[in-house]
Amino acid sequence: MIKRVLVANRGEIAVRIIRACRDMNIETVAVYSRADRESLFVTLATRSVCIGGSRPGESYLNQQNIIAAALGTNCDAIHPGFGFLSENPDFAQLAEEQGLIFIGPPASVIRKMGDKSAARELMKSCGVPVVPGSDGIVQNVEQAERIAKELGCPVLIKARAGGGGRGIRIARDQAQIKPAFEAAAGEALAAFGDGAVYLEKLIVNPRHIEVQILADSQGNVVHLGERECSLQRRNQKILEEAPSRRVDAALRSRMGDAAVKAAKAAGYRNAGTVEFVMDSGGNFYFIEMNTRIQVEHPVTEMVTGIDLIREQIRIAGGFPLDYRQEDIQINGHAIECRINAEDPENNFAPCPGVIEYLHLPGSYGVRVDTALYTGCEISPYYDSMIAKVIVHGRNRNEAIYRMRRALEEFLVKGIKTNLGLQYMILYNPDFMRGHYDTGFLESNLSRLLAPIEKEMML
């Protein structure tokens, strides 16, 4: 039995994990940087330990300090959340070697699926559809140019490591291959310490659909339906919903079966997400597997009634899933808006500062995941996401209306946010009809920003 969990993260996901643990009568230990000393998650945890300076490399990426904190407070397990060390196989292995339960897949699986080129080849071998592309890593520009010519431009040049949209470049013609290759490889090397890249045919303006899976240590794997994640800016998701307007029951079954097949081929355990792109004809292709809990996991929780963090902890503790695939039901519709401390009218520049006033939305069907409170400080050292507003409705229209109301009630002063942009998206006719893809936001950004009232950006 897991009795004490160290939460190796910060912000809203740390709060989310701590609350799930409290519901399960599990003690928590928060680790924090000097910048986060007054943060909400530090207050909510059973115990807390400062692990270093404000910069991530001094604290939330400091593996030795985190492990020492876990051992020093007699923790049974570590939950990495998302970001930071959540998909670092060396960290998972270090935890395992120290006798700690890593609440996630085994280090070997993280390593296998973190190599996106190798994961692609594994999917091909087990019959999961993949985007046409290179066979493995592309060694140099000359090879990239030759493969691109065979595939036909446009192509994607993608890092085999990491995530978050980094190490990805588009080459729309042969002349762009060299600069795109060098830029993707250079960014990947700087971000992940691994500059290896591969090529894929670019599916122009696809839908980005991902399938949530759960796998226990007894070999049981289920999928929990799909999430639509096509509203993105520069490969960063902004708004997600479940289920997708473009996925019917038959397609959901095929995508779910492919996701389960992918998880079984990888020897997966715990919660994971299989990501696909889907073209206008409904053809879908594997792009990667995220070996962690996702930022957007709440929309799946809202439509299935399953607490994914709780399931992660149960699986890590050796418990089997207590439901079968036929037990999973998708009820109603859920939408999540990511609220970021940034200025959309100034090229989305981060906006750290002090929260002078805060009022969060609530009532039936509304959930807010956040670590905000009046007087807290938004640090310049970390990601700009400060909250997630999640709503549930009986159908998509009801969810849209409920999200509009929730955003109207979300009041924050002292910093600029993207609340106004999110609000305008909800009134866009194409969004309301579900007629959007990954190119939607870039194509409509100037129109979406034009009517935003200044008071919404305070």
Side-chain angles (χ1 to χ4, degrees), residues 131 154 156 164-165 168 170 172 202-212 225-249 251-252 255 273-285 287-288 294-300 302-303 330 332-340 342 344-345 348 385 388-393 395-407 418-452:
V131 180
L156 274 178
I168 300 176
I170 297 174
R172 300 193 180 277
L202 176 66
I203 309 297
V204 179
N205 292 336
R207 308 285 286 225
H208 185 130
I209 310 292
E210 61 187 29
V211 178
Q212 177 73 56
E226 82 285 351
R227 298 186 286 256
E228 171 84 59
C229 303
S230 299
L231 267 170
Q232 304 177 7
R233 176 182 175 271
R234 297 182 181 176
N235 300 310
Q236 296 289 326
K237 300 165 188 172
I238 290 180
L239 180 152
E240 302 95 354
E241 55 183 317
S244 170
R245 183 71 175 268
R246 282 290 308 278
V247 177
D248 59 20
L251 181 55
R252 178 171 302 116
M255 295 184 81
T273 301
V274 182
E275 302 207 356
F276 301 99
V277 289
M278 186 172 73
D279 65 22
S280 58
N283 303 300
F284 62 92
Y285 308 94
I287 50 174
E288 64 179 327
Q294 293 276 88
V295 175
E296 57 272 22
H297 76 272
V299 292
T300 295
M302 296 289 257
V303 297
I330 307 299
H333 199 93
I335 299 174
E336 174 182 285
C337 287
R338 301 189 188 194
I339 309 306
N340 299 332
E342 61 189 17
E345 295 183 309
F348 293 83
M385 189 178 72
K388 301 181 309 200
V389 180
I390 311 101
V391 301
H392 182 263
N395 52 54
R396 189 170 185 267
N397 280 346
E398 185 172 272
I400 289 173
Y401 299 151
R402 185 159 286 151
M403 181 62 83
R404 290 176 184 172
R405 187 263 295 174
L407 295 186
N418 66 337
L419 274 166
L421 173 61
Q422 294 279 24
Y423 190 71
M424 295 310 299
I425 289 172
L426 295 167
Y427 277 93
N428 180 274
D430 287 331
F431 172 79
M432 292 176 66
R433 298 186 188 102
H435 297 165
Y436 66 93
D437 53 38
T438 55
F440 170 85
L441 198 59
E442 297 292 350
S443 300
N444 292 277
L445 190 56
S446 59
R447 187 164 51 137
L448 290 167
L449 289 176
I452 293 178

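All values reported here derive from a predicted model rather than from experimental measurement.
Between Gln422 and Leu407, the shortest heavy-atom contact is CB-CD1, 3.8 Å. For the pair His392 and Val303, the tightest heavy-atom approach, listed with the atom from each and the gap, is CD2-CG1, 4.1 Å. The minimum heavy-atom distance linking Pro154 with Arg172 is given by the pair CB-CA, 3.9 Å. Considering all non-hydrogen atoms of both residues, Val389 and Ala406 come closest at CG1-CB, 4.0 Å. Taking each heavy atom of Cys337 and Leu239 in turn, the nearest pair found is SG-CD1, 3.6 Å. Considering every non-hydrogen atom in both Arg252 and Pro243, the closest pair reads NH2-CB, 3.4 Å.
Atoms CD and SG, on Gln236 and Cys229 in that order, are 12.5 Å from each other to the nearest 0.5 Å. One finds the CE atom of Met255 at 5.5 Å from the CZ atom of Phe276 (value rounded to the nearest 0.5 Å). Taken from CZ in Arg396 to CD1 in Ile335, the straight-line distance is 6.0 Å, to the nearest 0.5 Å. In this structure, CZ in Phe284 is found 11.0 Å from CD1 in Ile209, a value given to the nearest 0.5 Å. Distance check, rounded to the nearest 0.5 Å: CG of Asn397 to CD1 of Ile400 gives 5.5 Å. To the nearest 0.5 Å, atoms CD1 (Ile238) and CG (Asn340) are separated by 7.5 Å.
Taking 4.5 Å as the limit, some side-chain heavy atom of Leu448 sits within range of a side-chain heavy atom of Leu441. Side-chain contact between Glu228 and Val299 is absent, with no heavy-atom pair separated by less than 4.5 Å. Put simply, the side chain of Val211 does not reach to within 4.5 Å of the side chain of Thr273, judged on heavy atoms. A 4.5 Å side-chain heavy-atom check between Met278 and Pro206 finds every atom pair outside the cut-off.
Lys388 places no side-chain N or O within donor-acceptor distance of the main-chain N or O of Glu336, the cut-off being under 3.5 Å. No donor-acceptor pair under 3.5 Å is formed between the side chain of Glu240 and the backbone N or O of His297.
Not counting sequence neighbours, Arg402 has no partner by the side chain to side chain donor-acceptor pair (under 3.5 Å) test. For Glu288, the side-chain contact (heavy atoms from CB on, under 4.5 Å) test picks out Lys116, Glu275, Asn290, with sequence neighbours left out. Judged as a salt bridge (Lys or Arg N to Asp or Glu O under 4.0 Å), and not counting sequence neighbours, the contacts of Glu296 are Lys237, Arg338. With sequence neighbours left out, Tyr427 forms a ring pair (Phe, Tyr, Trp, His ring centres under 6.0 Å) with Tyr423. Taking the salt bridge (Lys or Arg N to Asp or Glu O under 4.0 Å) definition, one finds that Arg405 meets it with Glu409, sequence neighbours left out.
Among the candidates Gln212, Arg227, Gln294, the single residue satisfying the side chain to side chain donor-acceptor pair (under 3.5 Å) test with Thr300 is Arg227.
Among residue pairs with one or both ends in residues 432-445, those qualifying as side-chain hydrogen bond (donor to acceptor under 3.5 Å, both in side chains) are Glu241-Tyr436, Asn444-Arg447; sequence neighbours excluded.
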